[in-house]
Number of protein chains: 2
Amino acid sequence: MPAHLTLEDIGRLAGVSRSTVSRVVNQQANVNPAVRDRVEEVIKRTGYAPNRAARSLVSGRSGIIGLVIPSRVHTVFDDPYFPRLIQGISSAANETRTTLSLFLFQSEREEEELYPRIITSGYLDGLIVTATRMADPLLAQLSSGDLPVVVVGRPDVDGVSYVDADNRNGGALAADHLCGLGYQRIGLLGAPTSTTAGVDRTTGFVEGLARNGRALDPRLRVDGDFTDSGGYAAMEQLIEQRPDAVFVASDTMAHGALRALRGAGLSVPDDLALISFDGFPASETSQPPLTVIHQPATRAGEEALHLLNALIAGAEPPLKKILPVDLVVRDSTEPRQP
Amino acid sequence: MPAHLTLEDIGRLAGVSRSTVSRVVNQQANVNPAVRDRVEEVIKRTGYAPNRAARSLVSGRSGIIGLVIPSRVHTVFDDPYFPRLIQGISSAANETRTTLSLFLFQSEREEEELYPRIITSGYLDGLIVTATRMADPLLAQLSSGDLPVVVVGRPDVDGVSYVDADNRNGGALAADHLCGLGYQRIGLLGAPTSTTAGVDRTTGFVEGLARNGRALDPRLRVDGDFTDSGGYAAMEQLIEQRPDAVFVASDTMAHGALRALRGAGLSVPDDLALISFDGFPASETSQPPLTVIHQPATRAGEEALHLLNALIAGAEPPLKKILPVDLVVRDSTEPRQP
DNA sequence: CGCTCTACCGAGAGCGCTCCCAGCAATCTA
DNA sequence: TAGATTGCTGGGAGCGCTCTCGGTAGAGCG
């Protein structure tokens, strides 16, 4: 038995031609049921699987899509967001029989060397790119090509398909919640404004305050960098301004902020209330459990793959999908007695 | 300009044949330097990249390796180990110009359906499998094929290439540290014995106690399941036996254990000392910062890819690599005054 | 100056598959 | 019964590449 069985081999064993075996494998009509059964029996017996390279050479499809995580994303290893996103993409990929290739760039050099050949070598049917910053050069390079692309997170250019959480509404919900509870000196520990997520969460928060007749005191705003230690440092600064409630734009930063608060001997929510954005499991077991704006990260991954599949199937870009977020009240916020 | 440039196109533009362009692309000798320059100029100008499917059809190599994470791994999303491992593999892959495909199985059904075709369709040059449990059926299926495989974590069968942290020595180091500090009632919050890592860490710990003239009191041992909540539950049980020090077999479980301790009003290390295994960044910022046995997860990923590349290049399995672990002392352990 | 040797280049074959078209038998229509 | 139609099958072409082989020009040698 040869290392690799071919259509021809199966045909010989079943007493039919290559073409007929191909038709059986691809579930096409116009095959005599008896013949089909015979061929399928041989395939099952021999464990034949079609050669993907040959198939993709002629069909122009590889069945492989790429997930690109740019070099600027330093938080891949510490933010629970990415594992969840990947899990969602992978789950949808398994369902649709597509293979997921992962391109994790850890330096700009890697990115510059590898990225161009990834998008031109033609062995990817499509690409999912996690957008992280405004004016992302990765997106610019793509616009010329004809490779289907879906961005996770709102890109700052038009005409690109994307899926995103409703960051803006999330920010507004956080403001509503805090205002409704009666907090007075409401602060913001924001996400970097170099990212659209950061911009949107902040914008939404400010809008939310406004519709409650409030404005954000600039002194009560410090931006973090999506990391735990960034949240810690930002909260240390914020404390000095004595806010009574703070919206932290990500769970990871919120955990850092919590540490800063404990370090300063402040208790949550008595001295300072906290509401965070993300709502990953760790926010349930922190002390105290955090009130959060929950975003469906896994589902974002699934939706990204679905949009991409639609694009590959011929849908006209841009396709867009905004996923709802929702408020989950826990112990880090509570009604304020004036 | 056609959607896809071919060797023939480049040849026409440079006034040479397909064969010559191929030689240039593949950096072979026997090409006139002037011709080579001319061809390279055209390639650069047009942005030509060889079609991977065609190349792999004739060469039998795809340049793609797969990473398989079995369905039994529920901790992928919450244990920092996996992102780090993936990061290591990806980094080494980028360096060696190989593409990483990710197979994340989330149910046994997915695994059973997809796994066989992954290993037979012949578009993977090799496979990295994260081993999690004893007698893993994924490994059994592979033995028959001729696909190069490297397992991350010690498999429980012979003849398989693998890379692993020195779990056994790590356990022993933890015992040495605790004994050296003067702790008397030393407990173990173990990892599941259905995994080789769990077995090895426990074995090493028991051996370490033995060489310090101690034995592990069975009542002071409770096993967790690698999760935060598992660590919490196990520590709640352990507390009743009043240990003065506990070796927790993973960082994630240690964080759960810390919560249980706080909940019980016990302080670390005064009431109970803790040493953990992993040494991820979060162990530095916990309260208190944890003394840990640090394992190089990222490097494990890199080594796995290197071994796999060696196998693909023709090395004879089994190839093995055991990575050293080391003790990092922080605040969760301290010398005991008798 | 004729021969060999080397350096370089192009043409052909073929990797395993899909798609298209021709062929053939059986069935249907007028 | 002749012609058209249908159901099924096989063979040829070709996807873009690599590899082998044969050919040509120029250099080196006696």
Side-chain angles (χ1 to χ4, degrees), chain A residues 1-40 42-43 46-64 97 99 117 120-125, chain B residues 1-40 42-43 46-64 97 99 117 120-125:
Chain A
M1 193 156 93
H4 283 296
L5 287 167
T6 71
L7 280 182
E8 208 84 47
D9 295 326
I10 303 300
R12 203 174 321 112
L13 288 168
V16 295
S17 78
R18 184 176 36 115
S19 306
T20 301
V21 180
S22 173
R23 273 186 280 260
V24 171
V25 169
N26 294 298
Q27 322 229 34
Q28 292 172 359
N30 295 342
V31 178
N32 185 305
V35 173
R36 178 183 297 274
D37 288 349
R38 207 166 69 232
V39 172
E40 277 174 346
V42 174
I43 290 177
T46 55
Y48 166 80
N51 180 301
R52 299 264 301 243
R55 188 178 257 190
S56 103
L57 175 59
V58 41
S59 71
R61 290 273 178 87
S62 66
I64 305 178
R97 291 288 138 83
T99 298
R117 59 182 77 201
T120 53
S121 64
Y123 76 115
L124 288 183
D125 291 348
Chain B
M1 192 156 93
H4 283 295
L5 288 167
T6 71
L7 281 183
E8 207 85 47
D9 296 325
I10 303 301
R12 203 173 323 111
L13 288 168
V16 294
S17 79
R18 188 175 34 117
S19 308
T20 301
V21 180
S22 174
R23 274 186 279 260
V24 171
V25 168
N26 294 300
Q27 322 228 39
Q28 292 172 358
N30 294 341
V31 179
N32 185 304
V35 174
R36 180 184 295 273
D37 288 349
R38 207 165 69 232
V39 173
E40 277 173 347
V42 174
I43 290 177
T46 54
Y48 166 81
N51 180 301
R52 300 265 301 244
R55 186 177 260 192
S56 101
L57 175 58
V58 40
S59 70
R61 289 273 178 86
S62 65
I64 305 177
R97 291 287 139 83
T99 297
R117 58 181 79 203
T120 53
S121 64
Y123 76 114
L124 288 182
D125 290 348

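Proteins get letters first, then strands, A, B, ... in listed order; numbering begins at 1 in each.
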Pairwise side-chain contact, [X] with [Y], heavy-atom cut-off 4.5 Å (strictly under):
X	Y	value
A:Tyr48	A:Asp9	no
A:Ile64	A:Asp125	no
A:Asn51	A:Thr6	no
B:Asn26	B:Arg55	yes

Range on DNA chain D touched by chain B - first to last nucleotide, heavy-atom distance under 4.0 Å: D:dG16 to D:dC19

Based on the rotation axes of five pairs at each end, what angle does the helix from C:dC1-D:dG30 to C:dA30-D:dT1 bend through, to 10°? 50°

Would you jot down, in residue-number order, the residues of residues 21-30 of chain B having a non-hydrogen atom under 4.0 Å from DNA chain D? B:Ser22, B:Asn26, B:Gln28

Scan residues 53-63 of chain A against DNA chain D and write down, sorted by residue number, each residue with any heavy atom closer than 4.0 Å; if none is found, say none. A:Leu57, A:Val58

Non-hydrogen atoms of A:Leu7 and A:Ser22 that approach each other most closely: CD1-CB, 3.8 Å

Does anything in residues 17-38 of chain B form a salt bridge (Lys or Arg N to Asp or Glu O under 4.0 Å)? List the pairs, not counting sequence neighbours. B:Glu8-B:Arg18

Mind checking A:Tyr123 for me? I need base, sugar-phosphate or nothing, with any heavy atom below 4.0 Å counting as a touch. nothing

For the [atom1] atom of [X] and the [atom2] atom of [Y], what is their distance to the nearest 0.5 Å?
X	Y	atom1	atom2	value
B:Thr20	B:Asn30	OG1	CG	10.5 Å
B:Ser17	B:Arg12	OG	CZ	12.0 Å
B:Ser56	A:Tyr123	OG	OH	11.0 Å

Measure from the side-chain heavy atoms of B:Asn32 and tell me the nearest of C:dA11, C:dC8, C:dC17. C:dC8

Tell me every residue that passes salt bridge (Lys or Arg N to Asp or Glu O under 4.0 Å) with B:Arg61, counting only those two or more places apart in sequence or in another chain. none

For B:Gln27, I'd like to know if atom CD has over 12 heavy atoms of other residues, nucleotides or ligands within 6.0 Å. no

A:Arg18 or A:Val31: which one's nearest nucleotide on DNA chain D is closer to the 5' end? A:Val31

Say whether, by atom type as modelled, one donor and one acceptor occur between the side chain of A:Thr46 and the main chain of A:Val42 under 3.5 angstrom. yes

Partner of B:Val24 under side-chain contact (heavy atoms from CB on, under 4.5 Å), picked from B:Ile10, B:Val16, B:Val31, is B:Val31

